[in-house]
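Labels below follow one simple rule: chain letters A, B, ... track the order of the sequence lines, proteins then strands, and each chain is numbered from 1.
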Amino acid sequence: MCGRYTLATPLDELVEVFDVGHVAFDSWQPRFNVAPTQTLPVVIRGPDGLRRLGPMRWGLVPFWAKDPSIGNRMINARSETVAKKPAFREAFRRRRCVVPMDGFYEWRARAVEGSKKPLKVPFWIHRPDRRPFGVAGLWERWRGGRKGDADADGAKDVGDADAPLVTFTILTTAASPWMTPLHDRMPAILTDAEATAAWLDPEADAGRLADILKPAPGAFLEAWEVSRAVNRPAVDEADCVAAVGDGERFPTEPGADEPA
DNA sequence: CCAGACGTTGTT
DNA sequence: GTCTGG
DNA sequence: CCAGACGTTGTT
DNA sequence: GTCTGG
C-alpha cells in the first residue's frame, strides 16, 4: 500500500501549506509517478524548530544496516507496529517527518474475459480540491559503517563518500470505509495543521501520536481510474493523473458527521 | 551461546 | 517463482 | 507499487 | 543496534 504517489504542487505552495522555514534543495520539478528509491522533498523539524524541506530517498535504511539495499523493502511501515519494530522504532521516537504529496496510486486486479492474467488497474486518490497533504513518515541517516575518517583507508571512494544517505518511509493505517473498495490499507494522512505539528513535535505523547495515525475520513478524498501507463515507473507525465474517460470513479463521501 | 533477521503488500 | 531496481 | 531480470567465462 | 530462533 502506498507504493507510488504524485507531487506536482509548485514549490511556493508547498512552502505555504507546510509552513516551511528553510528549503534545503535546489531543483524542483512536478512529479506524476513517484516510485520507491527515488529522491523527493520531505519536511522535518530542524534543531532550531524551523521546518526544513529537504531531499530524501524513499525506502528507509536503518542506521545499523550493512547493505543499503534493505531500503528497497522498507517503503512502508505499519502504524500499528511501528513503535516496536527494530527497523523503525528508533526513527519513530526521534525522526518523524511529513511526506508531502497531492495524491497516491492504488491498483486493483480486473479480470479480463478470455485471459488468464487479470489486468492491474491503477487509481489516483486525491483531495477533491487537488490540494497537497502530508503523510506521516519516518527518516534516517545512514553512514554505511563509516567512522567519518575518510583518510584511514586512503579515501578511495568515488565522489562524496562521506555524505550520509538520507532515507524515509511512509506510514500506513487501516483503510477507511470509503477507501475499502479500493484497498484495505491507506497512508496515514495528516488531515490538518494541528496533526502535522503534533507529528513533528519531538515531545508529542504516545496517545496523541496513535490518534493521529487513524484513517482519514471519506470526505477528505476522491479517486478515479487512470491509464495503465502509470504501471511503468518510467512514465512520469501530467496524463498520469487524468481520469480514464469510461473508467470507474469513487466520489468523495458526503460528510456523515456534519452538524445539523 | 552464535546466526540471522530486521518489512509490507497481495494472492492463493 | 522470487528478487532487484525505479 | 509494478516491471524486469534472473549468469559466467573469456575475448576484443 | 537489538531481538528471535536454533
Proximity to the side chain of [X] - top-ranked nucleotide from [options]:
{"X": "A:Asn231", "options": "E:dG1, D:dC2, B:dC6", "value": "D:dC2"}
{"X": "A:Lys66", "options": "C:dG5, E:dG1, B:dG7", "value": "E:dG1"}
{"X": "A:Ala87", "options": "B:dG7, B:dT9, D:dC2", "value": "B:dG7"}
{"X": "A:Arg4", "options": "D:dC1, B:dT9, B:dG7", "value": "D:dC1"}
{"X": "A:Arg89", "options": "B:dC6, D:dC2, E:dC3", "value": "E:dC3"}

Within the 4.0 Å heavy-atom criterion, would you say [X] contacts the bases, only the backbone, or no part of the nucleic acid?
{"X": "A:Ala234", "answer": "nothing"}
{"X": "A:Pro62", "answer": "nothing"}
{"X": "A:Thr169", "answer": "nothing"}
{"X": "A:Arg73", "answer": "base"}
{"X": "A:Tyr5", "answer": "nothing"}

Please tell me if [X] has a side-chain N or O lying less than 4.0 Å from either OP1 or OP2 of [N].
{"X": "A:Arg185", "N": "B:dT9", "result": "yes"}
{"X": "A:Thr81", "N": "B:dT8", "result": "yes"}
{"X": "A:Asn72", "N": "C:dT4", "result": "no"}

Specify the separation, in whole Å, of atom [atom1] of [X] and atom [atom2] of [N].
{"X": "A:Met186", "N": "D:dC1", "atom1": "CE", "atom2": "C1'", "result": "16 Å"}
{"X": "A:Phe32", "N": "D:dC2", "atom1": "CZ", "atom2": "C1'", "result": "20 Å"}
{"X": "A:Ile75", "N": "B:dC6", "atom1": "CD1", "atom2": "P", "result": "16 Å"}
{"X": "A:Leu119", "N": "D:dA3", "atom1": "CG", "atom2": "P", "result": "10 Å"}
{"X": "A:Arg108", "N": "D:dC2", "atom1": "CZ", "atom2": "P", "result": "13 Å"}
{"X": "A:Arg57", "N": "C:dG5", "atom1": "CZ", "atom2": "C1'", "result": "9 Å"}
{"X": "A:Arg78", "N": "B:dC6", "atom1": "CZ", "atom2": "P", "result": "15 Å"}
{"X": "A:Lys84", "N": "E:dG1", "atom1": "NZ", "atom2": "P", "result": "23 Å"}

Taking the same atom, [atom1], in [N] and in [M], what whole-Å distance lies between them?
{"N": "B:dG4", "M": "C:dG5", "atom1": "C1'", "answer": "25 Å"}
{"N": "C:dG1", "M": "D:dT8", "atom1": "C1'", "answer": "22 Å"}
{"N": "B:dG7", "M": "D:dG7", "atom1": "P", "answer": "27 Å"}
{"N": "C:dG6", "M": "B:dC2", "atom1": "C1'", "answer": "37 Å"}

Reference residue A:Thr6; test side-chain hydrogen bond (donor to acceptor under 3.5 Å, both in side chains); the match among A:Asp102, A:Asn33, A:Asp236:
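Testing A:Thr6 for a side-chain hydrogen bond (donor to acceptor under 3.5 Å, both in side chains) against A:Asp102, A:Asn33, A:Asp236 leaves exactly one candidate, A:Asp102.
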Taking 5.5 Å and 30° as the limits, would you call A:Trp107 and the base of D:dC1 a stacked pair?
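No.
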Which base, if any, makes a Watson-Crick or G-U wobble pair with B:dA5, both distances under 3.5 Å?
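Paired with E:dT2.
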For A:Arg57 and A:Gly71, indicate whether the former's side chain and the latter's backbone hold a donor-acceptor pair under 3.5 Å.
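No.
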Strictly under 6.0 Å, is that where the ring centroids of A:Trp58 and A:Tyr5 end up?
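Ring centres of A:Tyr5 and A:Trp58 closer than 6.0 Å.
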Centroid-centroid under 6.0 Å between A:Phe123 and A:Phe250 rings:
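So the answer is yes for these two rings.
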For a ring-ring contact (aromatic ring centres under 6.0 Å, His included) with A:His126, tell me which candidate from A:Phe133, A:Trp224, A:Phe220 qualifies.
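Going through A:Phe133, A:Trp224, A:Phe220 one by one, the ring-ring contact (aromatic ring centres under 6.0 Å, His included) with A:His126 is satisfied by A:Trp224 alone.
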Path from A:Phe92 to A:Trp64 over hydrophobic side-chain contacts below 4.5 Å:
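Yes: a chain of side-chain contacts under 4.5 Å links A:Phe92 to A:Trp64.
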Side chains of A:Pro41 and A:Val99: does their closest heavy-atom pair fall under 4.5 Å?
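In short, these two side chains do not touch, never coming nearer than 4.5 Å.
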